[in-house]
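Scroll down for the structure; my scribbles are underneath it.
Letters go in sequence order (proteins before strands), and every chain restarts at 1. Owing to the predicted nature of the structure, the values given are computational and were not obtained by experimental measurement.
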Amino acid sequence: MEIASWNVNSVKARLSAITTWLDEAKPDIVCLQETKTVDAGFPLEAFEERGYNVAVHGQKSYNGVALLSKYPFEEINARLPGDEDDPQARYLEAVIAGQNGPVRVASIYLPNGNPTQNPDGEPGHHPKYAYKLAWMERLRVHTARLLKFEEPLILAGDYNVIPTKDDVYDAALWADNALFLPQTHAAFNALKWLGLTSAYEQVDGRPHQYTYWDFQGGAWPKNHGIRIDHLLLSGQAADQLKAVRIDSHVRGRERPSDHVPIIGQFEL
DNA sequence: ATGTCGCGTGAAACGCGA
């Protein structure tokens, strides 16, 4: 079973890029982020005609997550618990009926968190960075509950976290960025220390393999990338992980997203 | 190079978020 994660930066603008890749890669499950549409505007047919069940959780203009699955959904939960008033569509979780039993998969669009400093120079964090850290803590608390099911769990998405200096083309340029600050690393580690394994690090782990290249400044031709899209796995999922790949070639195509798909291959 | 995108508004060019 192949499970992919891809921040597509608008599902409508990227529909042709997505279907081209689906027809080549034929993943079983895909977690999409930054779909940027309300659910009524989601192009369901393009995916249904390729044999995918589709679950969506979107909003107007920004954010938005979705799940595509060749296997049936047994249960679907939108929204990350911990703040009932949070209007941002960044979390969609489903239990999927795999061939060897259920698999729980979540599509995650973790907040970017920039800017980090208050604009008035007052001490403390900008509300955008505070929201990121609070969201990461909500994810940690929710994940602790999910791990009690002791089932294959795959938390896949755009984490907006650069795990180490070897996951960015020039760490010094990112030192003060919300994707790389010590508190961001601390929150990411607190999540992983619940007992999650990062799929890429388990089976590959080469430095300087990126999943995102900015649209600005010729980042793609210069390979000025960062690795911020991750598959975090419970032990039951990690035990079945065979391979991981990053389909970086799609970044060089017509009207690309700024992110590329990361795909885990599992015996599930 | 202050070098790019997509979205919504509203009818072109701008503000926002990334």
Side-chain angles (χ1 to χ4, degrees), chain A residues 5-21 31-44 46 56-66 80 86-92 107-120 125-136 139 156-163 167-171 173-181 183-184 187-188 210-230 248-262:
Chain A
S5 179
W6 193 7
N7 177 324
V8 291
N9 191 349
S10 170
V11 70
K12 291 185 207 170
R14 238 53 88 181
L15 191 55
S16 153
I18 298 169
T19 55
T20 298
W21 177 77
C31 303
L32 298 174
Q33 299 91 36
E34 273 207 276
T35 52
K36 292 189 171 182
T37 178
V38 293
D39 294 350
F42 197 97
L44 292 175
V56 295
H57 176 49
Q59 67 178 88
K60 192 170 161 183
S61 304
Y62 304 119
N63 308 317
V65 281
L80 184 63
D86 185 353
Q88 301 193 31
R90 295 179 175 275
Y91 185 86
L92 182 62
S107 182
I108 289 171
Y109 179 41
L110 206 145
N112 175 293
N114 285 304
T116 59
Q117 291 299 312
N118 280 327
D120 53 11
H125 291 310
H126 191 284
K128 295 209 180 215
Y129 191 56
Y131 175 68
K132 176 180 191 142
L133 293 176
W135 205 95
M136 293 180 83
L139 180 61
D158 174 3
Y159 279 76
N160 272 311
V161 174
I162 302 166
D167 299 307
V168 50
Y169 64 97
D170 184 347
L173 291 178
W174 289 77
D176 299 327
N177 192 284
L179 281 63
F180 199 73
L181 280 176
Q183 278 171 281
T184 303
F188 191 56
Y210 308 132
T211 63
Y212 168 93
W213 295 259
D214 203 291
F215 286 126
Q216 301 185 64
W220 166 247
K222 292 187 229 169
N223 197 27
H224 286 180
I226 54 180
R227 188 169 67 86
I228 57 174
D229 299 88
H230 308 293
S248 47
H249 60 279
V250 305
R251 184 64 178 79
R253 292 182 172 171
E254 287 295 302
R255 288 192 82 197
S257 170
D258 40 7
H259 296 248
V260 297
I262 175 169

Point to revise | Contact pattern, 5' to 3', of nucleotides 12-18 of chain B - B, S or - by protein heavy atom under 4.0 Å | key: ----BSS

Review point. Picking from A:N63, A:N7, A:N9, what satisfies side chain to side chain donor-acceptor pair (under 3.5 Å) with A:E34?
Key: A:N7

**Study point:** Set of salt bridge (charged side-chain N to carboxylate O under 4.0 Å, His left out) partners for A:D167, sequence neighbours left out
**Key:** A:R227

Review point. Phosphate oxygens OP1/OP2 of B:dC5: is one of them under 4.0 Å from a side-chain N or O of A:R14?
Key: no

Exercise for review: Please state the P separation for the pair B:dC14 and B:dG3 - nearest whole angstrom.
Suggested key: 15 Å

Practice item. Please measure how far the P atom in B:dT2 lies from the corresponding atom in B:dG6, and state the result in whole Å. Key: 22 Å

Practice item. Please list, chain by chain and in numerical order, all residues satisfying salt bridge (charged side-chain N to carboxylate O under 4.0 Å, His left out) with A:R90, sequence neighbours excluded. Key: none

Review point. According to the side chain to side chain donor-acceptor pair (under 3.5 Å) rule, which pairs have a member within residues 214-223 of chain A, sequence neighbours left out?
Key: A:Y212-A:D214, A:W213-A:N223

Exercise for review: Under the salt bridge (charged side-chain N to carboxylate O under 4.0 Å, His left out) rule, collect the residues that match up with A:D86, sequence neighbours excluded.
Suggested key: A:R138

Check your understanding: Whole-Å distance between B:dC7 P and A:Q59 CD?
Key -> 14 Å

**Study point:** Pairwise 5' ranking along DNA chain B for A:S61 and A:G218, keeping only the more 5' one
**Key:** A:G218

Review point. When rounded to the nearest Å, what value does the distance between P atoms of B:dG10 and B:dG15 take?
Key: 14 Å

Revision key, fill the gap. Across all chains, not counting sequence neighbours, the ring pair (Phe, Tyr, Trp, His ring centres under 6.0 Å) partners of A:F188 are A:Y159, A:H230

